[in-house]
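Got a structure here, written out as structure tokens. Questions coming.
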Amino acid sequence: MEISEIRDKIDALDSQILELFLMRMELAEKEADYKNQHHLPILNKERERAILAKAAERAGPQERYAHHLFSTLFELARSRQAELISAPTQVQKLVESALRAGGSLFPQNGLVACQGVEGANSQAACDRILPRGRITYVSTFEGVADAVESGACQFGVLPVENSSNGSVRAVYQLLLERNLSIVSSTRLCIRHELLVNPGVAMGDIEEIYSHEQAIGQCSRFLSGLSGVKVVPCGNTAMAAKMVAESGSRHTAAISSRPCAALYGLESINDHIQNSDNNYTRFFCVAKDPVIYAGANRVSLVVSLENRAGSLYEMLSKLAALGINMTKLESCPVTGSNFEYMFFLELEASVQDASVLAMLEEMERSCPKFQFLGNYAEL
């Protein structure tokens, strides 16, 4: 058989498959109407298992592919039914409220909480997100959360991940525990330098201060030093300020060039970080969920049943709708034995009805579901 004949037969079958698929989706809509009237759940796992078993029996050597085909069909049908089911969900109410509260543009000003002191990377992120914002400095990430939750500040800016050194787990834990909503994000290129008081030479240094993330990002340089103590502190700007205020000839800070100018220090080495491609990402958080125009990223936290295939089932919901997942990270649940929460970030907007329906279905099916925000990255 020639390739052209094979393709003609495939085209004919594809037409039949499409017709049958549309018929199946029409029946799924009728089923959604029945479930709506009789208050039945969308998911019927027992029926899906029976269909998969029957398909596997008939598919023979192609069983793996048949399983994937039918699993995808189930997800598409459930996604469509979720759009049609009128049972109220918390995420639907939250999204509707957040959209009403949002505006056409993200604010350019406001009182914002920032961890550290003048010159911190978080301060640079604040300036990018809120160019005319008024910054209140606090000493810890918890202090940022406290300021936002109490209403003392309208916004808070927190570092969440670094391209070289991974996630800031303490911040993700705060997002889990606190009543905070992500309303914007940005990323900064970070360049670390070794700063000292004027006239200090490399051989004079006995202690180096910096934030633990910066220490990790400069680990190769630090591992090559002998007899030098590395001391973690609140952040890189605080390290620079401490060294400047000490006046010591035996201390140094891993910090930035702007901090050198700000605190009267000198840079004696500007090539100390492991990678020049070093970016830190920051979230801007608020007390109440607000969704502004152009929001195209969704962050959420879910837990899953502890059984084979539960993660695949969740991911297949995204694949069925063609949603790109930009982050998936597990975090152990405190006080449990090998149970995990998952942080997800999606390229999506809740103004797409299918995306909102998918989130509603996740809320119904996941033991824990926490919508963190729909926002744009500036």
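In this text, all values refer to a predicted model and were calculated from it rather than measured experimentally.
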- prompt: Looking only at atom types and distance, does a side-chain atom of His38 sit under 3.5 Å from a main-chain N or O of Leu40, one as donor and one as acceptor?
  reply: no
task: Assess whether side chain to side chain contact (heavy atoms under 4.5 Å, CB included) is satisfied between Val301 and Phe371, documenting all intermediate values.
output: CA-CA 7 Å; Val301 181; Phe371 178 77; over 6 Å; no
field: Cluster check Val160, Val285: I/L/V/M/F/W/Y, side chain < 4.5 angstrom
entry: yes
- prompt: Just checking, any donor-acceptor pair under 3.5 angstrom between side chains of His250 and Glu207?
  reply: no
query: Any side-chain heavy atom of Ser185 within less than 4.5 Å of one from Arg281?
result: yes
- prompt: About how many Å separate OG of Ser267 and CG of Leu194, when rounded to the nearest 0.5 Å?
  reply: 7.0 Å
- prompt: Do Leu318 and Leu328 belong to the same hydrophobic cluster, where Ile, Leu, Val, Met, Phe, Trp and Tyr are linked whenever their side-chain heavy atoms lie under 4.5 Å apart, directly or via other members?
  reply: yes
query: Would you call Glu5-Arg7 a salt bridge at under 4.0 Å N-O?
result: no
- line: So CG of Leu84 and CD of Glu31: to nearest 0.5 Å the spacing works out to 11.5 Å
query: Is any side-chain heavy atom of Arg78 closer than 4.5 Å to a side-chain heavy atom of Glu361?
result: yes
Glu57/Lys54 salt bridge by N-O under 4.0 Å criterion: no
field: Rounded distance (nearest 0.5 Å) linking atom CZ of Arg132 with atom CG of Asn109
entry: 5.5 Å
- prompt: Say you draw a straight line from CG of Leu94 to CG of Leu99; how long is it, rounded to the nearest 0.5 Å?
  reply: 9.5 Å
- request: Compare every heavy atom of Leu175 with every heavy atom of Leu372, then report the nearest pair and how far apart it is.
  value: CD2-O, 4.0 Å
- request: Measure the spacing between CG of Leu69 and CD of Gln62 and express it to the nearest 0.5 Å.
  value: 11.5 Å
message: Could you check whether any side-chain N or O of Asn278 sits under 3.5 Å from a backbone N or O of Ser163, counting only pairs where one atom can act as donor and the other as acceptor?
response: no
message: Are Ser79 and Leu321 packed together at the side-chain level, in the sense that at least one heavy-atom pair is separated by less than 4.5 angstrom?
response: yes
message: Taking the basic N atoms (NZ, or NE/NH1/NH2) and the acidic carboxylate oxygens, is any pair closer than 4.0 Å for Glu206 and Arg249?
response: no
- prompt: Are any side-chain N or O atoms of Lys287 and backbone N or O atoms of Val148, one a donor and one an acceptor, separated by less than 3.5 Å?
  reply: no
Carboxylate-amine/guanidinium proximity below 4.0 Å for Arg297 and Glu345: yes
query: Quick one: are Ile215 and Pro232 in side-chain contact, heavy atoms under 4.5 Å?
result: yes
- request: Report the relative orientation of the aromatic rings in Tyr375 and Phe283; use parallel for angles under 30°, tilted for 30 to 60°, perpendicular for over 60°.
  value: perpendicular
message: Main chain of Leu359, side chain of Glu363: is a donor-acceptor contact present, judged purely on distance under 3.5 Å?
response: no
- prompt: Hey, is the main chain of Tyr279 close enough, under 3.5 Å, to the side chain of Asn162 for a donor-acceptor pair?
  reply: yes
task: Return the minimal non-hydrogen interatomic distance between Val243 and Asn197, and the atom names on each side.
output: O-ND2, 3.0 Å
side-chain hydrogen bond (donor to acceptor under 3.5 Å, both in side chains) between Ser167 and Lys327, intermediate numbers included: CA-CA 11 Å; Ser167 297; Lys327 184 180 183 66; 3.1 Å; yes
query: Quick one: do Leu311 and Ile323 end up in the same hydrophobic cluster if we chain Ile, Leu, Val, Met, Phe, Trp and Tyr together by side-chain heavy atoms under 4.5 Å apart?
result: yes
task: In plain terms, say whether Arg187 and Glu377 are close enough for a salt bridge, that is, a side-chain N and a carboxylate O under 4.0 Å apart.
output: yes
statement: Cluster membership besides Tyr292, Ile/Leu/Val/Met/Phe/Trp/Tyr side chains within less than 4.5 angstrom, sorted by chain and number, is Phe106, Val112, Ile129, Leu130, Ile135, Tyr137, Phe155, Val157, Val183, Leu188, Ile190, Phe282, Val290, Leu378
query: Between Thr236 and Ser255, is there a donor-acceptor pair closer than 3.5 Å when you use the side chain of the first and the backbone of the second?
result: no
message: What's the separation between atom CD in Gln370 and atom CG in Leu180, rounded to the nearest 0.5 Å?
response: 9.5 Å
- request: Evaluate side chain to side chain contact (heavy atoms under 4.5 Å, CB included) for Ser181 paired with Asp288, printing each intermediate quantity in order.
  value: CA-CA 6 Å; Ser181 179; Asp288 298 314; over 6 Å; no
statement: Closest non-hydrogen atoms of Val350 and Leu356, given as atom of the first, atom of the second and distance, are O-CB, 3.8 Å
task: Go through the steps to decide whether Glu329 and Arg169 satisfy the test salt bridge (Lys or Arg N to Asp or Glu O under 4.0 Å), and finish with yes or no.
output: CA-CA 10 Å; Glu329 183 163 348; Arg169 280 299 181 90; 2.8 Å; yes
message: What I want to find out is whether Glu75 reaches Lys317 closely enough, with some N-O distance under 4.0 Å, to be called a salt bridge.
response: yes
message: Tell me the closest heavy-atom pair linking Ala32 and Gln81, and the distance in Å.
response: CB-CG, 3.6 Å
field: Short N-O contact, Glu118 and Lys241, less than 4.0 angstrom
entry: no
Test side chain to side chain contact (heavy atoms under 4.5 Å, CB included) applied to Phe369 and Arg364, Met362, Glu360, the passing residue: Met362
message: Regarding Asp352 and Ser354, do their side chains bring together a donor and an acceptor under 3.5 Å, going by distance alone?
response: yes
task: For Asn235 and Ser122, test the side chains for any donor-to-acceptor distance below 3.5 angstrom and give the result as yes or no.
output: no
- prompt: Which class fits the ring pair Phe70 and Phe74: parallel under 30°, tilted 30 to 60°, perpendicular over 60°?
  reply: tilted
message: Salt bridge or not between Lys45 and Glu48? Use side-chain N to carboxylate O under 4.0 Å.
response: yes
field: Side-chain heavy atoms of Lys368 within contact of Leu176, under 4.5 Å
entry: yes
field: Derivation and outcome, side chain to side chain contact (heavy atoms under 4.5 Å, CB included), residues Ser71 and Leu52
entry: CA-CA 8 Å; Ser71 295; Leu52 287 172; 4.0 Å; yes
query: Should Ile205 and Leu195 be regarded as members of a common hydrophobic cluster, given that ILVMFWY residues are connected when their side-chain heavy atoms come within less than 4.5 Å of each other, either directly or indirectly?
result: no
task: Measure across Val355 and Ser349 and return the closest heavy-atom pair with its distance rounded to 0.1 Å.
output: CB-O, 3.4 Å
task: Provide the closest heavy-atom pair for Gln108 versus Pro131 in the form atom of the first, atom of the second, distance.
output: OE1-CG, 3.3 Å
message: Do Leu300 and Phe342 have side chains that approach each other closer than 4.5 Å (heavy atoms only, starting at C-beta)?
response: no
- prompt: Applying the 4.5 Å side-chain criterion to the ILVMFWY set and letting contacts propagate, would Leu222 and Val228 be lumped into a single cluster?
  reply: yes
- request: Report the C-alpha distance between Val200 and Thr251 in whole Å, list the side-chain angles of each, state the deciding distance to 0.1 Å, and finish with yes or no for side chain to side chain contact (heavy atoms under 4.5 Å, CB included).
  value: CA-CA 9 Å; Val200 173; Thr251 61; over 6 Å; no
task: Find out whether Ile268 and Met202 are in side-chain contact, i.e. whether some heavy atom of one side chain is under 4.5 Å from a heavy atom of the other.
output: yes
query: Hey, does Pro41 have a side-chain heavy atom less than 4.5 Å from the side chain of Leu43?
result: no
- prompt: Is it true that a side-chain atom of Glu26 and a backbone atom of Leu22 form a donor plus acceptor pair closer than 3.5 Å?
  reply: no
